Structure formats: C-alpha cells, structure tokens
Protein chains: 2
Amino acid sequence: MLSYSEENHLKAIFHLSVNNESGVSTNSIASKMNSKAPSVTEMLKKLSEKDLVVYKKYQGVLLTDFGRKTALSVIRKHRLWEVFLVEKLNFKWDEVHDIAEQLEHIKSEKLTNELDKFLDYPTKDPHGDPIPNPAGFIKYTAKLVLSDLLIGETGKFIGVKDSSSTFLKYLDKREISLGSNIKVIHKEEFDESIHIGLVETNLSISVKSAANIYVTKL
Amino acid sequence: MLSYSEENHLKAIFHLSVNNESGVSTNSIASKMNSKAPSVTEMLKKLSEKDLVVYKKYQGVLLTDFGRKTALSVIRKHRLWEVFLVEKLNFKWDEVHDIAEQLEHIKSEKLTNELDKFLDYPTKDPHGDPIPNPAGFIKYTAKLVLSDLLIGETGKFIGVKDSSSTFLKYLDKREISLGSNIKVIHKEEFDESIHIGLVETNLSISVKSAANIYVTKL
DNA sequence: AAATTAATTTAGTCTAGCCTAAAAATTTAG
DNA sequence: CTAAATTTTTAGGCTAGACTAAATTAATTT
Ligand SMILES: [Mn+2]
Ligand SMILES: [Mn+2]
Ligand SMILES: [Mn+2]
Ligand SMILES: [Mn+2]
C-alpha cells in the first residue's frame, strides 16, 4: 500500500519523464513537488527499495514498468474524477484540479472502474488530457500549439498546456473552449499578438496565450 | 485544516456521545479507534487546544459545539458517499463503508453540497442511518429492535445496528432488505429463535439477528 | 587539467502519530 | 475507609516525511 507522498512522487517523475529519455533529476522533482532536494533523495531510496524506480546516486531516476503503471493508475483516477466533477456535479474546468488531487488517492479498483463506466468511458479529461485505460495504456494525440499555426491556418482547440485556474478563466471570458475551431487571421508585428477567428467572432490574443493552447491542424 | 486522525477521533467521540451524558472515556475511544489509550490522551490534548473538545484529565471528554459540527460534517460526507456508491455505482450495501471511510476526508464544501444535490438530497444512507444537513442538523427516527416486537406485531425494517459486511450479506441472502415489513409470527422457546413473516415468505431468525435489526412499529 | 560552480547526497533536526512500560489518579471492594 | 483493581496519564521511543546546513560528487569554465 503506497502512501500519498509516494504516489505523488511517482506522478511527478512520470510527468517529468515525458520527452526525457535520460533520468529525471532530483531537483526537477523537488521543484515540481514544492519540496526540497533532500526530501526527494530520501523518497527515491524508498521507491527504489519497492522496485518502483531505478535509482543510482547522482544519476537521476527512471520509473520501472511497475512504477509507470502505478503512476498511470493515479493519473487515471485524477482525470476520471475531474470528468465526474465537471460532467455530473456542475464544476467548472478551473475548479476541479485541487479536489482531484485528493480524490486520486482513494484506494478501490472497483470504484475507479465503476466510475469509468458511470461516466461512459471518457477518453479525455476536462482539460483535454488523455485518460489511461485500466491497463495503464495511454493514447496520445498529436498536437501543436496555436502560436505555431501560420496565418490562414485553422486548428481545433484540443487542450491546454498551462492549466492554471487563471488561464482557464481567461479562456472562459474570451469564450474560447475545448473543441473550438480557431483560425489565425493575422499576426501583429509590433507586439506579436495574434488575431484569431472563432466560429463567429474574431479575437486578438498574446503569443503567451497562444503558446499555451494545443491544437490539431485542420 | 484537520488531519484524518483528528477527524476520525472526533467521529469516534461523537458516536460514543450518543446516549452518554457524561464524558466519553479514553479507553472507549481507543477501543473504537483500534488504538491505545496513550495515543488517545495525546490526541485529546490537541483537540482541546483547537477547541473541538472539552477535556479535563481523568474526567473524560465531550465535544464542543464546534467539535460536534465538525464530526457531523465528516459523518455527512461519509453517508452521502455511501449513497453515491450504492445508487450510482452499483455497489452493494456491504461494500461501501471502507471506501466511504476514505472519501469522508475529502475537503471541499462545494463538492459535498453538489453531491447532495446530485443524489437528490437523500435523508438516509444505505444502512438506514440519517444524513446530517449542511448545518449539522441530524433527524433521528424513533426505532426499536425487531427482537423487542411481540408475537403478532409488525415492524418496518428501517436500519441495522450491526452493519458488518457479514451481517449485511446474511440479510441479503435471506432477502430481508430495508423497507421490508416484518411480522413476528412465533418465538421458539427452546432456542429463542423468532419466526417472522415477510411480504411473501416466512422465515426464522436468531435473537442475535433480531437484536440487530431496527424497526418502527406499524 | 585544475578551479570554480552547480547538483546531489549525507547528517542531523523537527513534528505528527503511533507505541510500550511505568507512574499516578480514580474507582471499586472488602 | 483503607486496599486492591482499574483507568488514565506521563515518559520515552519509533517511523514517515519534511527541513537546513554541511559534505561530496559532477559539470562547467578558464
Ligand atoms: Mn488536474
Ligand atoms: Mn486535468
Ligand atoms: Mn459506513
Ligand atoms: Mn452507513
């Protein structure tokens, strides 16, 4: 039975492993966990002891298959609960993350799988992130950021890179929501802002925002 | 922000306070918590420090209004989650308690209240126990145990005293479920067993079982 | 290639939550 | 109303998980 802290460390390592062939560094984990390096080192020893990671002093750390599967099980629960909160309990997409951080640690496979069924087997969470299946398989969708689109190109808004409450609420205010088709109308040279067209309206947004919006080219 | 252990102690004290005017004893709490007296003493000092209980050495302990409200909030969450598991996720009444023990500690008032709404404001949990309202008000129903009924009397099955998985599954097997009207047909002198009549069938059950079934006289 | 800088680990400390054993207070009994 | 039994508290210890400061190893510069 893993502790919350062990599960959270595994999750952090998993997220840091994406696009990172070599080992994950102690400091990067500490920074993601809002803790300090010595706490991470101690945890790595414990996780290594339990065969959840491969750890060699000063060499960074990598998940074992077992560790990866465990991390994905936590992520699966996190995302399913986020769907539940939005779909069934009237939460907004910017309100669910903190609660899901708590719910992801509830231990009951039956609960997770019944929840999955109850939600009709969703494949994406409210932020567009893929939901791993019970076996720990996760289906990634090719995506690029809106700021990479050229003038005249259109993309479908499929996810956010920055999922902070602030950014999510900003998108709500501008009525940019998951699934929207966004066309790049014009790029301003002076401040690099990007004029975009939604189904109805046209808007202008900063590069910073555009760099945080995942799209698939249409 | 209270810890799980603090919340669990409050819950234990609350349950031990029912029908117990004077203070709750250290040992009774330890026994309910599956811990030892010194651990309880230590916790009582902490809870007292936080004004959740009134504690005086060797004098037992009582909840303050604040402590009582806090305990009831945990119990409210526990019972709402049990309803959710049974009503929405196909759990049986004997499978929900352990999961609710985890879920009752999730911190989000909005979550609790939205869940309540989603479940259409249930007043009883799957075991017949009343669900406190958001203000911490709990509505008790007058009840007696089946074994107290006299021959010829009929009672409506409204709750269980023993809510162990074993007993609940036994009731399932005998097809005795919440809401059933149970008539006492005969009491066997030899082994004190009680012959009862359900809507259709007649059964015989032990005094022990009968002493664990709450009914209201019809 | 040595020196400096940066990253990581070790050493030692702290708190929460639990424990056992011993001491003290309260209750029960003779 | 003392004496024994019971209950409760204190004392001291342990583990998990966090931290700071110091030491060590690795990486980067000159
Ligand atoms: Mn999230
Ligand atoms: Mn998400
Ligand atoms: Mn329960
Ligand atoms: Mn219940």
Side-chain angles (χ1 to χ4, degrees), chain A residues 1-14 16-17 20-63 67 70-71 74 101-102 104-107, chain B residues 1-14 16-17 20-63 67 70-71 74 101-102 104-107:
Chain A
M1 190 68 62
L2 297 186
S3 69
Y4 284 21
S5 183
E6 288 170 325
E7 290 189 346
N8 285 334
H9 278 86
L10 288 178
K11 214 173 35 137
I13 297 166
F14 175 84
L16 292 166
S17 299
N20 191 341
E21 193 48 47
S22 67
V24 175
S25 77
T26 303
N27 266 347
S28 64
I29 298 168
S31 131
K32 177 151 278 195
M33 297 281 305
N34 280 109
S35 70
K36 299 297 163 67
S39 311
V40 172
T41 301
E42 192 180 29
M43 183 55 76
L44 295 184
K45 288 176 181 168
K46 190 184 311 183
L47 294 176
S48 174
E49 200 57 52
K50 296 189 176 182
D51 285 315
L52 291 156
V53 302
V54 177
Y55 167 64
K56 277 166 86 178
K57 276 190 197 173
Y58 295 102
Q59 305 304 281
V61 75
L62 280 175
L63 292 174
T70 307
V74 177
E101 285 290 311
Q102 302 177 60
E104 71 188 5
H105 301 291
I106 302 293
K107 274 142 185 98
Chain B
M1 190 69 61
L2 298 185
S3 70
Y4 285 20
S5 184
E6 289 171 324
E7 290 188 347
N8 285 333
H9 278 86
L10 288 178
K11 213 173 35 137
I13 297 166
F14 175 84
L16 292 166
S17 299
N20 191 341
E21 194 47 49
S22 67
V24 174
S25 77
T26 302
N27 267 347
S28 65
I29 299 168
S31 131
K32 176 150 278 197
M33 296 282 304
N34 281 108
S35 70
K36 298 297 162 68
S39 311
V40 172
T41 301
E42 192 178 30
M43 183 55 76
L44 294 183
K45 287 176 182 168
K46 191 185 311 182
L47 295 176
S48 172
E49 200 57 50
K50 296 189 176 183
D51 286 315
L52 291 156
V53 302
V54 177
Y55 168 63
K56 278 166 87 177
K57 275 189 198 176
Y58 296 101
Q59 305 304 280
V61 76
L62 279 174
L63 293 173
T70 307
V74 177
E101 284 291 310
Q102 301 178 61
E104 72 188 5
H105 300 291
I106 302 293
K107 274 145 186 95

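Nothing here was measured: the structure is a model prediction, and the numbers come from that model. Letters A, B, ... are given to chains in the order of the sequence lines, protein chains preceding strands, and every chain is numbered from 1.
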### Task
Answer yes or no: are there more than 12 heavy-atom neighbours, outside A/K56 itself, under 6.0 Å from its atom NZ?
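Result for NZ/A/K56: open.
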
### Message
Please check if the number of heavy atoms outside A/K107 that lie under 6.0 Å from its NZ is greater than 12.
### Response
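Counting neighbours around NZ of A/K107, more than 12 heavy atoms of other residues, nucleotides or ligands fall under 6.0 Å, so yes.
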
So, is [X] close to the [N] phosphate, meaning a side-chain N or O under 4.0 Å from OP1 or OP2?
{"X": "A/N27", "N": "C/dT8", "result": "yes"}
{"X": "A/T41", "N": "C/dT10", "result": "no"}
{"X": "A/S5", "N": "D/dA18", "result": "yes"}
{"X": "A/K57", "N": "C/dT8", "result": "no"}

Consider the side chain of [X], meaning its heavy atoms from C-beta on, and name the nucleotide among [options] that approaches it most closely.
{"X": "B/A37", "options": "D/dT9, D/dA21, C/dG17", "answer": "D/dT9"}
{"X": "A/K36", "options": "D/dA18, D/dC19, D/dT9", "answer": "D/dC19"}
{"X": "B/M43", "options": "C/dT20, C/dC18, C/dA7", "answer": "C/dC18"}
{"X": "B/K45", "options": "D/dT10, C/dT10, C/dT8", "answer": "D/dT10"}
{"X": "A/T26", "options": "C/dT26, C/dT8, D/dT10", "answer": "C/dT8"}

### Query
What does B/S39 touch in the nucleic acid at a heavy-atom separation under 4.0 angstrom: a base, only the sugar-phosphate, or nothing?
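B/S39: base contact, heavy atoms under 4.0 Å.
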
### Task
Under 4.0 Å between any heavy atoms, over every strand shown, what does A/Y55 touch: base, sugar-phosphate, or nothing? Just pick one.
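Here A/Y55 touches the backbone only, sparing every base.
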
### Task
Map A/Y58 and A/M33 onto DNA chain D by nearest heavy atom, then report which one ends up closer to the 5' terminus.
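Closest to the 5' end, via its nearest nucleotide, is A/M33.
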
### Query
Does any nucleotide pair with C/dG30 by Watson-Crick or G-U wobble geometry, both distances under 3.5 Å, and what is it?
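Its partner is D/dC1.
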
### Query
What class does the angle between the rings of A/Y4 and A/H105 fall in, given that below 30° is parallel, 30 to 60° is tilted and above 60° is perpendicular?
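Ring orientation of A/Y4 relative to A/H105: parallel.
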
#### Entry: Distance (rounded to the nearest 0.5 Å) between A/S3 OG and A/M43 CE
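It is 5.0 Å, given to the nearest 0.5 Å.
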
Measure from [atom1] on [X] to [atom2] on [N] and round the result to the nearest Å.
{"X": "B/M1", "N": "C/dT15", "atom1": "CE", "atom2": "P", "answer": "21 Å"}
{"X": "B/K46", "N": "D/dT9", "atom1": "NZ", "atom2": "P", "answer": "16 Å"}
{"X": "A/H9", "N": "D/dA16", "atom1": "NE2", "atom2": "P", "answer": "15 Å"}

### Message
Give me the atom names and distance for the closest heavy-atom approach of A/N27 to A/A37.
### Response
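Answer, listing the atom of A/N27 first, then A/A37: OD1-CB, 3.7 Å.
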
